[in-house]
Colleague: 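The structure's right below; bear with me while I get my questions together.
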Amino acid sequence: MTVPFPRRRLTAALQVAAALAAAVLLVACGSGTSTEDSGQGGQISHVHGLGVNPADNAVYIATHHGLFRIEQGTAHLVGAARDDFMGFTVAGPNMFLASGHPAPGTGGPSNVGLIESTDAGTTWHQRSLAGQADFHALDYAHGTVYGYDATAATLRTSTDKTTWDRRARIAAADVVASPADLTTVLATTERGVAASTDGGRSFALPRSSAVQVFLAWPAMTTLYGVDPAGTLSMSADTGATWTRISTIPGGQPQAFTAVDAHHVLAATTDGIYESRDAGVTFARLLPLATD
């Protein structure tokens with residue numbers, strides 16, 4: 001039976017989830033000197049999201065200082081925006097969704113809410129929740145945006161990118177919607193992967209104690225999970241059991257996505273890595289600067 005996440009555990013869960021997220025974000029948002037401002041020669045860092053544009057199959061990297069595109073082994077800034085992209089997902093050909101914070105000195109609310117690009121990141125338009133929400137995880141499925149608002153530890157959903165439903169309050173690092181139906185949503189918690197069967201209005205306690213930080217669900221029987229150490233696993237039963245595949249190279253994971261059941265991308269401490277064989281082997285697409 002699906003039940004709300006226990007309120008008595010929420011404060012402690014928030015603290016542990018924050019620590020879990022901090023382990024990942026330490027690399028993504030850490031202080032130090034970076035050559036990211038150049039955007040050339042692949043020397044970027046602080047990756048918050050990854051995606052592949054179906055229009056041209058190019059790889060995009062959402063970072064602390066803007067959106068970059070990999071071209072012939074180097075990273076190039078897309079457009080002029082230097083915003084801090086905390087949440088990022090590719091919703092369709094040339095259509096990107098993001099959240100985060102404006103670049104220093106550009107004005108506006110500290111949280112941009114949901115923003116959208118229909119030209120592959122060249123320009124961005126404010127859609128909703130400016131100054132109200134900071135989505136650290138975004139997913140798009142079945143014409144619905146699923147966003148985990150870190151300011152309120154709450155899952156929100158929208159079918160028009162303008163009006164939002166508040167769903168469960170849960171301490172999570174990542175959320176992902178089922179590719180098969182509207183009702184199943186998963187969230188990574190400090191106790192394991194929690195599942196919802198009512199569209200994220202409530203979550204059952206995790207059936208498995210395997211802790212994942214990032215999830216990707218490209219096919220109903222192919223759910224990927226990445227743990228804090230970079231171990232990549234796969235589940236064929238909605239996260240009840242997990243089978244280890246490999247360890248993603250390059251150190252601590254920063255971001256992860258799956259284009260399909262075989263094609264996955266990961267950002268770790270020292271690079272952007274790609275696998276075309278369902279995570280068995282990886283090749284480095286781009287080196288990252290280390291602080």
Colleague: Are L77 and I44 in one and the same hydrophobic cluster, where Ile, Leu, Val, Met, Phe, Trp and Tyr link if side-chain heavy atoms are under 4.5 Å apart?
Modeller: yes

Colleague: Might you work through the side-chain contact (heavy atoms from CB on, under 4.5 Å) test for D83 and W124, ending with a clear yes or no?
Modeller: CA-CA 10 Å; D83 293 349; W124 292 88; 5.9 Å; no

Colleague: For a 4.5 angstrom cut-off between non-hydrogen side-chain atoms, does I115 reach F85?
Modeller: yes

Colleague: Would a distance-only check, ignoring hydrogens and angles, find a side-chain to backbone donor-acceptor pair under 3.5 Å from T247 to T231?
Modeller: no

Colleague: Looking just at side-chain N and O atoms, do N111 and H101 make a donor-acceptor pair shorter than 3.5 Å?
Modeller: yes

Colleague: Which residues pass the ring pair (Phe, Tyr, Trp, His ring centres under 6.0 Å) test with F88, not counting sequence neighbours?
Modeller: F96

Colleague: Are any of the side-chain heavy atoms of L232 and Y224 separated by less than 4.5 Å?
Modeller: yes

Colleague: Would you find a donor on one side and an acceptor on the other, under 3.5 Å apart, between the side chain of S178 and the backbone of T184?
Modeller: no

Colleague: Hey, are the side chains of W217 and V185 touching, using non-hydrogen atoms and a 4.5 Å cut-off?
Modeller: no

Colleague: Just say parallel, tilted or perpendicular for the rings of F282 and Y273, cut-offs at 30° and 60°.
Modeller: perpendicular

Colleague: So, the side chain of T188 versus the backbone of A172: is there a donor-acceptor pair under 3.5 Å, distance only?
Modeller: no

Colleague: side-chain contact (heavy atoms from CB on, under 4.5 Å) between D270 and L288: does it pass, once the steps are laid out?
Modeller: CA-CA 5 Å; D270 75 359; L288 295 181; 5.7 Å; no

Colleague: Counting only N and O atoms by type, is there a donor-acceptor contact under 3.5 Å from the side chain of E190 to the main-chain atoms of G192?
Modeller: no

Colleague: How about V52 and V59: do any of their side-chain heavy atoms sit closer than 4.5 Å?
Modeller: yes

Colleague: Say you draw a straight line from OG of S110 to CG of D134; how long is it, rounded to the nearest 0.5 Å?
Modeller: 8.0 Å

Colleague: How long is the gap from CZ on R167 to CG on D198, to the nearest 0.5 Å?
Modeller: 8.0 Å

Colleague: T151: which residues meet the side chain to side chain donor-acceptor pair (under 3.5 Å) condition with it, sequence neighbours left out?
Modeller: D149

Colleague: With sequence neighbours left out, what residues match R69 under salt bridge (charged side-chain N to carboxylate O under 4.0 Å, His left out)?
Modeller: D56, E71

Colleague: Suppose we screen for salt bridge (charged side-chain N to carboxylate O under 4.0 Å, His left out). Which residues come up paired with D227, at least two apart in sequence or across chains?
Modeller: none

Colleague: Side-chain heavy atoms nearer than 4.5 Å, only ILVMFWY residues, links allowed to pass through others: does that put W164 and L155 together?
Modeller: no

Colleague: In Å, rounded to the nearest 0.5 Å, how long is the span from CG of N53 to OH of Y60?
Modeller: 5.0 Å

Colleague: May I have the step-by-step check of side-chain contact (heavy atoms from CB on, under 4.5 Å) for D139 and Y148, ending in yes or no?
Modeller: CA-CA 9 Å; D139 195 22; Y148 182 73; over 6 Å; no

Colleague: Got T189 and F203 here, is their nearest side-chain heavy-atom distance under 4.5 Å?
Modeller: no

Colleague: Does the side chain of H48 come under 3.5 Å of the side chain of D84 through a donor N or O and an acceptor N or O?
Modeller: yes

Colleague: Say you draw a straight line from OG1 of T268 to CD of Q254; how long is it, rounded to the nearest 0.5 Å?
Modeller: 7.0 Å

Colleague: Working to the nearest 0.5 angstrom, can you tell me the gap between H136 NE2 and D174 CG?
Modeller: 12.0 Å

Colleague: Say you draw a straight line from OG1 of T144 to NZ of K161; how long is it, rounded to the nearest 0.5 Å?
Modeller: 10.0 Å

Colleague: Taking H65's backbone N and O only, do any of them form a donor-acceptor pair with T63's side chain (distance below 3.5 Å, no angle check)?
Modeller: yes

Colleague: Using side-chain heavy atoms (C-beta onward) and a distance below 4.5 Å, is L50 in contact with I61?
Modeller: yes

Colleague: Return yes when atom NE2 of H263 has more than 12 non-hydrogen atoms of other residues, nucleotides or ligands closer than 6.0 Å, and no otherwise.
Modeller: yes

Colleague: How about V264 and F256: do any of their side-chain heavy atoms sit closer than 4.5 Å?
Modeller: yes

Colleague: Is it the case that the side chain of S99 and the backbone of L114 share a donor-acceptor pair, with hydrogens and angles ignored and the cut-off at 3.5 Å?
Modeller: no

Colleague: Kindly say whether L97 contributes a backbone atom to a donor-acceptor pair with the side chain of E116 at under 3.5 angstrom?
Modeller: no

Colleague: Any non-hydrogen side-chain atom of N94 less than 4.5 Å from a side-chain atom of T118?
Modeller: no

Colleague: Tell me, with the steps shown, if L223 and W242 meet side-chain contact (heavy atoms from CB on, under 4.5 Å).
Modeller: CA-CA 9 Å; L223 169 66; W242 294 88; 3.7 Å; yes

Colleague: Which residues satisfy the salt bridge (charged side-chain N to carboxylate O under 4.0 Å, His left out) test with E274, sequence neighbours excluded?
Modeller: R276

Colleague: Going by salt bridge (charged side-chain N to carboxylate O under 4.0 Å, His left out), name the residues that satisfy it together with R244, two or more places apart in sequence or in a different chain.
Modeller: none

